[in-house]
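Here the structure is a predicted model, which is why all the values come from computation and not from measurement. Any value given below was found using the heavy atoms of this structure, including those in side chains, with hydrogens, waters and symmetry copies removed.
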Amino acid sequence: MTRQSSIDIRPLSTLEQFERCVVLQLEVWGYSDGDLIPRRVFLVAQKIGGQVLGAFDGETVVGFAMSLPGYRDGRSYLHSHMLAVLPQYRNHGLGRSLKLAQRNDAIARGFDLMEWTFDPLEIKNAHLNIARLGAIVRRYQPDFYGPSSSPLQGGLPTDRLYAEWWLNSPRVRSVLAGEQPQLNITERVTVPHAIYQWKQDPGQRSLAHELQARNREALQSAFHRGLAVVGYERDPDGNGTFLLGPWNEESAR
């Protein structure tokens with residue numbers, strides 16, 4: 001176990017460091033070779049204006065965040081494609097620190113938007129993205145990556161939500177300052193903590209499939225009607241709930 005204060009976050013630039021990112025993917029997700037991002041992609045990301053940031057405990061890389069430059073609807077942005085932290089370094093704020101380092105670098109280079117995708121069934125990750133970073137969500141992509149070799153996926157389709165992180169918005173600045181933004185909540189979609197057990201138990205996996213399909217329909221319907229995920233709650237039992245309400249894009253800038 002490590003203390004957050006002992007971790008140093010800085011850019012990665014050598015092939016040896018990029019190879020370490022490949023190893024971390026195996027240790028974090030247990031991917032097969034076909035799902036691994038090779039070191040040359042990390043090199044390309046670093047060369048073409050993306051980000052490859054590493055979290056160092058001494059001289060050992062124990063986590064990383066990698067993003068690629070993107071362009072859509074007349075706007076340049078950074079797409080944060082992957083963030084990994086070794087299991088023994090989790091639950092100490094390191095993931096959030098890597099995201100904040102990405103934000104600082106992005107703002108310094110003139111970006112006002114970062115995006116990434118995340119699994120709607122991962123409660124801790126959703127809470128970090130929405131409640132602790134201030135991202136909002138308005139898009140849902142069923143089976144984004146196709147079949148996954150990671151045992152953490154539990155054989156489910158790789159459904160993903162798109163997080164939009166408007167880096168300099170009043171919402172994000174207030175959330176990062178520890179303030180609670182005022183929310184107009186009209187709908188809720190809940191993920192029970194039991195989802196983790198259901199995914200890993202072949203006898204209960206049908207429950208995970210049913211929940212995923214039910215929540216997919218609810219979220220897609222809400223987005224189609226102009227709502228967005230603007231908040232996220234966790235209860236004492238570890239269940240997570242997406243909070244949906246109206247969103248004005250102009251207020252993001």
Does a side-chain heavy-atom distance below 4.5 Å link [X] with [Y]?
X: Glu164; Y: Val137; value: no
X: Val61; Y: Glu19; value: no
X: Leu15; Y: Leu43; value: yes
X: Leu161; Y: Phe223; value: yes
X: Trp198; Y: Pro192; value: yes
X: Leu26; Y: Leu36; value: yes
X: Gln25; Y: Asp35; value: no
X: Pro120; Y: Asn215; value: no

Is the His79 ring parallel, tilted or perpendicular to the Tyr77 ring (thresholds 30°, 60°)?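 Ring orientation, 0 to 90° scale: perpendicular.
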Could you tell me the separation between the [atom1] atom of [X] and the [atom2] atom of [Y], rounded to the nearest 0.5 Å?
X: Leu94; Y: Ile7; atom1: CG; atom2: CD1; result: 6.0 Å
X: Leu183; Y: Leu243; atom1: CG; atom2: CG; result: 7.0 Å
X: Leu133; Y: Leu100; atom1: CG; atom2: CG; result: 6.5 Å
X: Lys99; Y: Asn104; atom1: NZ; atom2: CG; result: 12.5 Å
X: Leu227; Y: Ile136; atom1: CG; atom2: CD1; result: 11.5 Å
X: Asn184; Y: Leu244; atom1: CG; atom2: CG; result: 11.5 Å

Derivation of the side chain to side chain contact (heavy atoms under 4.5 Å, CB included) call for Leu24 and Val62: CA-CA 8 Å; Leu24 284 177; Val62 299; 5.8 Å; no
Please report the closest heavy-atom contact between [X] and [Y], naming both atoms and the distance.
X: Pro157; Y: Gln212; answer: O-NE2, 2.9 Å
X: Leu176; Y: Arg96; answer: CD2-NH2, 3.6 Å
X: Trp166; Y: Ser169; answer: O-OG, 2.9 Å
X: Val22; Y: Ile37; answer: CG2-O, 3.5 Å
X: Asp57; Y: Ser6; answer: OD1-OG, 4.1 Å
X: Ile123; Y: Gly238; answer: CD1-O, 3.4 Å

Pairs touching residues 194-206 that satisfy salt bridge (charged side-chain N to carboxylate O under 4.0 Å, His left out), sequence neighbours left out: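 Salt bridge (charged side-chain N to carboxylate O under 4.0 Å, His left out) check on residues 194-206 returns Glu122-Lys199.
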Quick test of your reading: applying salt bridge (charged side-chain N to carboxylate O under 4.0 Å, His left out), list the pairs with at least one residue in residues 227-244, sequence neighbours left out, ordered by first then second residue.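 Output for this query lists Arg188-Glu233.
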Working note: Lys124 + Arg90, criterion side chain to side chain contact (heavy atoms under 4.5 Å, CB included); need CA distance, chi angles, decisive distance, verdict. CA-CA 11 Å; Lys124 285 185 178 180; Arg90 294 176 192 162; over 6 Å; no
Test your reading of the model: is there a side-chain donor-acceptor pair from [X] to the backbone of [Y], 3.5 Å cut-off?
X: Arg75; Y: Gly70; value: no
X: Arg39; Y: Cys21; value: no
X: Asp143; Y: Asp159; value: no
X: Gln17; Y: Leu12; value: no
X: Asp119; Y: Arg160; value: no
X: Ser80; Y: Ser67; value: no

Hydrophobic cluster of [X], others only, ordered by chain and residue number, side-chain cut-off 4.5 Å:
X: Tyr145; answer: Phe144, Tyr162
X: Val44; answer: Ile48
X: Val175; answer: none

Counting the benzene-type ring for Trp, do Tyr232 and Phe242 have ring centres under 6.0 Å apart?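 Yes, ring centres under 6.0 Å apart.
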Could you check whether Trp116 and Asn129, counting side-chain N and O atoms only, form a donor-acceptor pair closer than 3.5 Å?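 Yes, side-chain donor-acceptor contact under 3.5 Å.
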Verify the distance criterion only: is there a donor paired with an acceptor across the side chains of Thr117 and Gln141 at less than 3.5 Å?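 Judged by distance alone, the side chains do not pair up.
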Is Arg20 close enough and on-axis enough to Phe64, meaning under 6.0 Å and within 45°, for cation-pi?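 No, cation not above the ring by the 6.0 Å, 45° rule.
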Check whether more than 12 heavy atoms from other residues, nucleotides or ligands sit under 6.0 Å from atom CZ of Arg40, and answer yes or no.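 Check fails, neighbour count at 12 or below.
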Test of understanding: clusters of I, L, V, M, F, W, Y form through side-chain heavy atoms closer than 4.5 Å, transitively. Do Tyr89 and Val23 belong to the same one?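 Shared cluster, no.
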Identify the residue among His81, Met66, Gln46 that makes a side chain to side chain contact (heavy atoms under 4.5 Å, CB included) with Val41.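 When His81, Met66, Gln46 are each tested with Val41, the side chain to side chain contact (heavy atoms under 4.5 Å, CB included) holds only for Met66.
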Not counting sequence neighbours, which residues clear side-chain hydrogen bond (donor to acceptor under 3.5 Å, both in side chains) with Arg109? List them please.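 Applying side-chain hydrogen bond (donor to acceptor under 3.5 Å, both in side chains) to Arg109 gives Asp105.
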Is the shortest distance from a Lys or Arg side-chain nitrogen in Arg225 or Glu187 to a carboxylate oxygen in the other one below 4.0 Å?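 Here Arg225 pairs with Glu187 in a salt bridge, since their nearest N and O are under 4.0 Å apart.
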Using a strict 4.0 Å threshold on nitrogen-to-oxygen distance, state whether Arg138 and Glu115 make a salt bridge.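 A salt bridge is absent here (no side-chain N lies under 4.0 Å from a carboxylate O).
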Walk me through it: do Ile9 and Leu98 pass the test side chain to side chain contact (heavy atoms under 4.5 Å, CB included)? CA-CA 7 Å; Ile9 296 176; Leu98 280 164; 4.0 Å; yes
Evaluate Val229 against Val189 for side chain to side chain contact (heavy atoms under 4.5 Å, CB included), listing each step before the verdict. CA-CA 10 Å; Val229 173; Val189 176; over 6 Å; no
